[in-house]
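Notes to accompany the following structure.
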Number of protein chains: 2
Amino acid sequence: MKATSDIDSGKPTHAVEQQRGSLRSHVENTVRAAIFDGLYPAGQKLVERELCDLTGASRSILREALVSLEVSGLIERESNRGYRVSLLSARQVYEIFELRASLETLAAELFAERASDAEMQQLAQLLEDLEACIASGDLTQMRLVKERYYELLFSGCRNREIRRALENIIDRVHYLRGRLMSDPDRRQKSLEEMRRLTAALLARDRLQARAASIAHLTAARDTVLEGMLRKDETETAGLMQ
Amino acid sequence: MKATSDIDSGKPTHAVEQQRGSLRSHVENTVRAAIFDGLYPAGQKLVERELCDLTGASRSILREALVSLEVSGLIERESNRGYRVSLLSARQVYEIFELRASLETLAAELFAERASDAEMQQLAQLLEDLEACIASGDLTQMRLVKERYYELLFSGCRNREIRRALENIIDRVHYLRGRLMSDPDRRQKSLEEMRRLTAALLARDRLQARAASIAHLTAARDTVLEGMLRKDETETAGLMQ
DNA sequence: TCGATCGAAATTGTATGCAAAACTACCGCA
DNA sequence: TGCGGTAGTTTTGCATACAATTTCGATCGA
């Protein structure tokens, strides 16, 4: 069941495991979680001392963690003015999805060619699990299964660099997903797309897998962008630039 | 001529500009340069105090810079044991090229569709410059022009995230290029491949551009891997794992 | 000679301190 | 009222100091 244990190259996906790189990764995860939970919305200034209180760490450690988050693009730094949560314009979201599509599609193509039969079987199982989650409406579980599905994809494609590269944008992807992907109607369509992707992967059909992956991410992108535009209209001013 | 000025999202490509993010990016660049220059070969332990002397910075700043280099994969950290320059196995190099091919090819495809006529013209000019460099044998200049060529590609594709993602592996790519791409015979072939790529881009032919980009990077990959194997044979032991 | 053990030196991990820059609020003045 | 300047506070940038861990070497015993 623990198919993900060997691809753990660095920071944990979310706030799993308090202690690993000991303090720094803990601090990093805490700050990341705070941003995801909406404690610090996009554009918000991040005061170091405040984050020290939040995480319990001293400023040296905190600042190292912030550097890491900065590289992944979740926060931005301005000279002598500290950090703030990155603002994501619709344009940037579009670009992120374009990149993500390229990387995930590559992973899918490679998975189709390189995954072991056991991994294929696991993939099929995870799709079943996903169907069950959506049928029962357990969103938390669904999210978890989905994450496992992608973990499997990234380990089965036999290229750790892809996952590493995605790691650097995955924060912002998750951020978006958490805030905007609550569309109920979207879930059914998404499931259908993942069925097609899975079928192509199981058949080891690289071209079909490519097509299915692109279709899936294009649809996801459009949903997110649509959500952003709706939100922009709703809100008084455009905090989003 | 300064086509790159607006895509500058973070650390400078190399050791350009001493002062920007003020100290940290300077320290980061100095350490990076030291690694590129072979002062710290692959696998070498990085002692913090030593790097402080090298860069003139204090440990706090240095450590922040190291975090940044760690995220980009150039160095690795082991708990309570500090940093060392990452070892690159042939397998990892293969994976890096696979990823790089995907990203650069995406950039090329998008460039073909989105670049302005002015950018097309600049691209043609840079190819000419490159031909001149190779004809005259000025390798330093050649490298610079090549970098400009890719900068243009990344800005013309209208997707900054691609460049950002590449930034995180580009260090290791440059590292490889510096150490192994000195094959004289390779330069001619490389030029020929870039001619084809440029022609496809100028024609705004996305499919051809894709094909040319993939061909270029596949050839580069094979050259590098070949070089690595030769080196492995030559050297007594395999420092490369 | 080899291995184990112990202790000092070196190195990393973490916390704190100081100086400079940026922000805030208040005041005087046109 | 509105504007500019200025003092004080906050916050960041950078450096140093202390604690914990690892590394290395010497000593001792089999």
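Chain A is the first sequence line, chain B the second, and so forth, proteins listed ahead of strands; every chain is numbered from 1.
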From [atom1] of [X] over to [atom2] of [N], roughly how many Å is that when rounded to an integer?
X: A:Leu23; N: D:dA20; atom1: CG; atom2: P; result: 14 Å
X: B:Arg77; N: D:dT22; atom1: CZ; atom2: C1'; result: 15 Å
X: B:Arg84; N: D:dT22; atom1: CZ; atom2: C1'; result: 13 Å
X: B:Asp53; N: D:dA15; atom1: CG; atom2: P; result: 13 Å
X: B:Glu48; N: C:dA10; atom1: CD; atom2: C1'; result: 12 Å
X: A:Leu46; N: D:dG13; atom1: CG; atom2: P; result: 12 Å
X: A:Ile75; N: D:dT12; atom1: CD1; atom2: P; result: 11 Å
X: A:Arg24; N: C:dA15; atom1: CZ; atom2: P; result: 14 Å

Pairing residues for [X] by the side chain to side chain donor-acceptor pair (under 3.5 Å) criterion, not counting sequence neighbours:
X: B:Arg81; result: none
X: A:Arg114; result: B:Glu98
X: B:Arg100; result: B:Glu104
X: A:Arg172; result: B:Glu161

Between the protein and nucleotides 21-24 of chain C, which nitrogen or oxygen pairs are less than 3.5 angstrom apart?
residue: C:dC23; atom: OP1; partner: A:Arg81; partner atom: NE; Å: 3.4

Qualifying salt bridge (charged side-chain N to carboxylate O under 4.0 Å, His left out) pairs with a residue from residues 86-95 of chain A, counting only residues at least two apart or across chains
A:Arg91-A:Glu95
Below 30° counts as parallel, above 60° as perpendicular, anything between as tilted: where do the rings of A:Tyr150 and A:His216 land?
parallel
Closer than 3.5 angstrom, by distance alone: can the side chain of B:Thr105 be matched with the main-chain N or O of B:Ser102 as a donor-acceptor pair?
no
Side chain to side chain contact (heavy atoms under 4.5 Å, CB included) partners of [X], counting only residues at least two apart:
X: B:Leu144; value: B:Arg148
X: A:Glu70; value: A:Ile75, A:Arg77, A:Tyr83, B:Arg24
X: A:Thr55; value: A:Val27, A:Thr30, A:Val31, A:Ala57, A:Leu62
X: A:Glu226; value: A:Arg230

Near DNA chain C, which residues from residues 54-64 of chain B have a heavy atom under 4.0 Å away?
B:Arg59, B:Arg63
Just the dot-bracket of DNA chain C, please: which string comes out with Watson-Crick or G-U pairs under 3.5 Å, [ ] for crossing, | for another strand?
||||||||||||||||||||||||||||||
Would you say C:dA10 has OP1 or OP2 under 4.0 Å from some side-chain N or O of B:Lys45?
no
Any base atoms under 4.0 Å from A:Leu66, or only sugar-phosphate, or nothing? Heavy atoms, all strands.
nothing
